[in-house]
Every structure is written in C-alpha cells, then in structure tokens.
Amino acid sequence: MTNPASIADTDHNALADLLMNNGLDNPSDDIDDLTSDNSNYATLTDALEQTVFESFDDGLYIGMMSGTSLDGMDAVLCQFNSEISNEDNTQPPMRLLATYSQNFPSRLGEVLLALCQPNGVNQLVPEADEPNSELDWFGWASRAYAEFASEVVNTLLQQSNTDPESVLAIGCHGQTVRHRPQMGFTLQLVDANIIAERTGISVVSDFRRRDMAVGGQGAPLVPAFHQALFANPDSTRVLLNLGGIANITVLPANEKDQVVGYDTGPANLLLDAWISLHTDNAYDAGGAWAQSGTLIEPLLQQLLVHPFFAQSHPKSTGREDFNLTWLQDELQAFEQANANISYSAADVQATLTELTAISASTQINMFVSPAKNSSVYVCGGGALNDYLMTRLQAHLPHCTVKTTEHLGLAPTWVEAVAFAWLARQTLMGETGNLPAVTGANKGVVLGQVCFA
C-alpha cells in the first residue's frame, strides 16, 4: 500500500513547481497558506483552481481547423475577454490578432482523403518507404499531419511576431477520418505530442470523444462557441456553417430556450469533389459553374431520399454518408430509371448546390419566422459561394441571409476561433459541449492536454 504521506509530499512538490513556473517566488510558503487548516482551499484541486487555472482567462490562444472539405488548414491567434458572458461589458468578447491558412501538401491530402473512405487506402500506390496497410497509413498520416500543423503554427507566430511563450494553448481538432456516432466512436487523426514539441506550446486535442463517453454524438461542437460569442437577447439567430458538411446552430432570443444545433447534410465536399472530377478547379468559385447549369429536379428528389435527411436531431454526418462514390452510384441509378433525361456535369453541380440549399433551409425554417425577428448568418467556405447564398435566401423568405462578417468575424475563420475557445474552456475546467445539441447526458470538459 502506498504511503499517504508520500502522496501528499508529491502533490506538494508538483504544485510548488507549477506555482514557480507561474512567477511565485516562494511557492512552498504559498502552498502552505493555500492548504493549511485555516485556508478555504482544502485540497490540491481547490488550490490549483484558485492559482494556476485562473490565469488562463485572458491569454493568447491558437485555434486550428481542417474540415471535411480537406482543402487545407486554417490557424488563428486570438484573445478572449474574461467577461465574455457579461452582457454589460463594453469590451469585445474576442480579438482576432492574426490568421494564416495553407493548403495540404499534395501527398498528405491524398492520403487523408483515402483514409476518410473505408478501405480507401487500397487505391493508394505506396512510394518508397511508405506504408502498405490501413493502420500503418493512419500512423503515417498522424505524424505527417502534426508536422504540417506545426509548420502552420510556427509560420503564424513568425508572421505575427508572437513569442510562443505568450500563447497558453493550441486547440487542434485534427482531421476526422471516421465518424460513427451510431457505433459510439469517432477518429480524429493528429499527434499532439509532435505539435507541442515542435512549437513549445501546450496542445488541446481529441475534443469529441469525451462527449461521446456521456452518450453524445461528439458533434457538432461549435454551437457552444456560437452561443458564447453570437447570442442576442433581441432576436433569434441561426448560424449556418457551410464547410464540407453543413450544420446549423439556433440561438433563441429567450435565454430560457435551449440552443439547438445539428448537421443538415452535405455542402462543399460534394461540390468540390464533382468540380474537381470534371475540371481543373478545386472548388466552384462563387458558384459560377453551378449557376451555368440547370437544376435536375428528379435527381434532386432522388438525392433527398437519403435517410439522413429524415432523421430527427441530434444528428451528425460526414464523408461516410456523403461522398463521390455515393454520388456516382446515385447518378447511375438515376440514368437507369430516366433514360430519356440528358444532363451535363454543370447541371449536376447546380443540383448539388440546390441539395445543400434545400436541406439546410428546410431545417432553418423550422425555427425562424417574421414574428421572431430572425436572421441567418453563414460561415465556412460556402459563405463565399455567391450562387449558394442566393439559393439559400430564396428558400428563407422570413429572414435575411448574411455572412458572419456582419457579426464581426469573417466566415472563413469562425471554426478555427471556435477551437481556440474550446481549448480555453478545457484549460479553465469549463464544459465545452451542449447536451441539447449533441445528445450527451451532461456537460463535460472536452479534450486532452499535451503540455509543452
């Protein structure tokens, strides 16, 4: 049996080291004061909460995001106001200090896409010293992703002239390569140890699985951030994120009403995959190619039969449900049943754009009305698709559709800032999930911390 006194001594010494690192000259005396019989802090945990953790309020954080679009990695440097939930506070709740975005190295992007598909790596042709099995590819990509993320962080720091020691933590979501909430698991690919070592900054990662451990879907996680930053007591606001997958957050004007959030269906991942297959473009700039096509109404109705659209929330999805192979199978079935209908590749792009607009707006219309003084704010890469924005507005007659630029945060950086905020929540010991959104049975502190 372990000697209780030795445990106490170890905790005492560990706390002394932590306090010394936080600038206290006489840590041993401070600990004695904190944990003495006359102190309000009877345990090590209590002492830590009142010393180390309170300093995590206003420091600098880096947030990183690479979504299901697989178009690259975004990184932001930001600072949050400690009074973020105080309505009377005149300071902005968040300051975006610097941003940086970089495309994935071609081979890493290719491998990540393959890993997103069950047995997808079977189509890869290994180069010299590369893996030849799915599990080995997973390990290879975890390391390569982390090395790349470290380069992105260091470039962000260099360009913003920021000392790494002034950054409290990096929130790095990693790359989701499998999301199976119905099976109770999700896999985000990243080696946080490498990022911490290469940057000298502590890293918070693995945000989703703690929510799953308490019965949640592990997604979406950004609604808690949306609530903290964008909720307004005078109007109902809907945040629509158009990344690879589309998801909504409904922020009711009445604080007593629950925040609602869930995935609504595919967005950029199908649009990008289809245009990449037929042109030299990685994405449909402004939606111009889709706008040049004609909607294939029978195909749209066929695609809307996908069972995900009929599911009740909470719900989440990804490339497992919506991918290029699925689309090609649907097109083959459509052609067999409609031999008299001819169409172009641009017509399919127009139909996919309408699929995103219809599936998202159908859900949004359940929560907005003229009487509710409602607004829809769009973020993610899809906010830059002018044609998609036009189609959304056409299906949302009861509210105005704008980008989050009107709320003070450019649409391309919202998710990266969200993971900086989630990292801050973790270090402060605060919950990061919304049980009403994910289906979890309670709020929990998310993520694992890899200290630098």
Side-chain angles (χ1 to χ4, degrees), residues 87 93 217 219-268 287 295 300-301 303-304 306 308-317 352-412 414-415 418 434-439:
E87 294 177 5
Q217 294 250 330
L221 295 181
V222 292
F225 165 72
H226 290 161
Q227 181 185 37
L229 207 68
F230 299 130
N232 187 295
D234 299 323
S235 65
T236 295
R237 289 177 171 178
V238 178
L239 275 292
L240 170 61
N241 176 55
L242 295 174
I245 294 294
N247 55 70
I248 61 170
T249 302
V250 182
L251 303 172
N254 188 343
E255 291 182 352
K256 295 181 180 179
D257 292 339
Q258 285 186 328
V259 173
V260 176
Y262 52 94
D263 290 350
T264 62
N268 297 330
L295 173 66
L300 174 64
Q301 296 308 315
L303 298 178
L304 285 169
H306 192 295
F308 177 79
F309 298 120
Q311 290 179 22
S312 58
H313 62 83
K315 60 179 181 176
S316 55
T317 187
L352 293 175
T353 302
E354 195 72 2
L355 176 67
T356 295
I358 286 274
S359 55
S361 61
T362 298
Q363 299 302 310
I364 294 171
N365 277 322
M366 296 169 55
F367 302 99
V368 300
S369 68
K372 290 184 178 180
N373 185 25
S374 308
S375 298
V376 175
Y377 296 93
V378 184
C379 59
L384 306 181
N385 186 322
D386 297 332
Y387 181 61
L388 177 54
M389 292 288 286
T390 299
R391 297 309 303 149
L392 283 166
Q393 183 65 80
H395 293 296
L396 294 166
H398 300 307
C399 53
T400 57
V401 178
K402 305 176 181 178
T403 75
T404 53
E405 192 79 56
H406 289 81
L407 297 178
L409 183 56
T412 49
V414 173
E415 282 207 298
L434 290 178
V437 168
T438 66

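Since this is a predicted model, take the numbers as computed values, not measurements.
In this structure, the separation between OG1 on T353 and CG on L295 is 10.0 Å, given to the nearest 0.5 Å. One distance of note links CG of L251 with OG of S375; it measures 11.5 Å at 0.5 Å rounding. The line from CD of Q393 to CG of L388 is 12.0 Å long, rounded to the nearest 0.5 Å.
In this structure E354 satisfies the salt bridge (charged side-chain N to carboxylate O under 4.0 Å, His left out) test together with R391, sequence neighbours excluded.
For the pair V222 and E415, the minimum side-chain heavy-atom distance is below 4.5 Å. Between P220 and V437, some side-chain heavy-atom pair lies under the 4.5 Å cut-off. Using a 4.5 Å heavy-atom threshold, the side chains of L242 and N385 count as separate. Side-chain contact between Y262 and N247 is absent, with no heavy atoms from C-beta onward closer than 4.5 Å. In this structure, L392 and I364 have side chains that are not in contact, with every pair of non-hydrogen atoms separated by 4.5 Å or more. Side-chain contact between T249 and V259 is present, with at least one heavy-atom pair separated by less than 4.5 Å. Looking only at side-chain heavy atoms (C-beta outward), V414 and N241 stay at 4.5 Å or farther from each other.
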Please list every donor-acceptor pair under 3.5 Å in which a side-chain atom of residues 398-408 meets a protein atom from a residue at least two apart or in another chain.
from, atom 1, to, atom 2, distance (Å)
T403, OG1, E405, N, 3.2
T404, OG1, L409, O, 2.8
H406, ND1, T403, O, 3.4

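Taking every heavy atom of both residues into account, F225 and A418 meet most closely at CD2-CB, 3.4 Å. In this structure, G261 and P223 approach most closely via the heavy-atom pair CA-CG, 4.4 Å. Q217 approaches P314 most closely through the heavy-atom pair NE2-O, 3.7 Å.
For T264 and Q363, the side-chain atoms include no donor-acceptor pair closer than 3.5 Å.
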- Given side-chain contact (heavy atoms from CB on, under 4.5 Å), test Y377 with L240 step by step and report yes or no. CA-CA 6 Å; Y377 296 93; L240 170 61; over 6 Å; no
- Message: Walk me through whether V250 and T236 qualify under side-chain contact (heavy atoms from CB on, under 4.5 Å).
- Response: CA-CA 7 Å; V250 182; T236 295; 4.2 Å; yes
- Go through the steps for L355 and F309 under the test side-chain contact (heavy atoms from CB on, under 4.5 Å), then give the verdict. CA-CA 11 Å; L355 176 67; F309 298 120; 3.9 Å; yes
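In this structure, H226 and F230 have tilted ring planes: the angle between them lies in the 30° to 60° band.
Annotation for Q258: atom CD does not count as buried by contact number, only 12 or fewer foreign heavy atoms lying within 6.0 Å.
Every pair tested for salt bridge (charged side-chain N to carboxylate O under 4.0 Å, His left out) that includes a residue from residues 226-237 fails, sequence neighbours excluded, so the list is empty.
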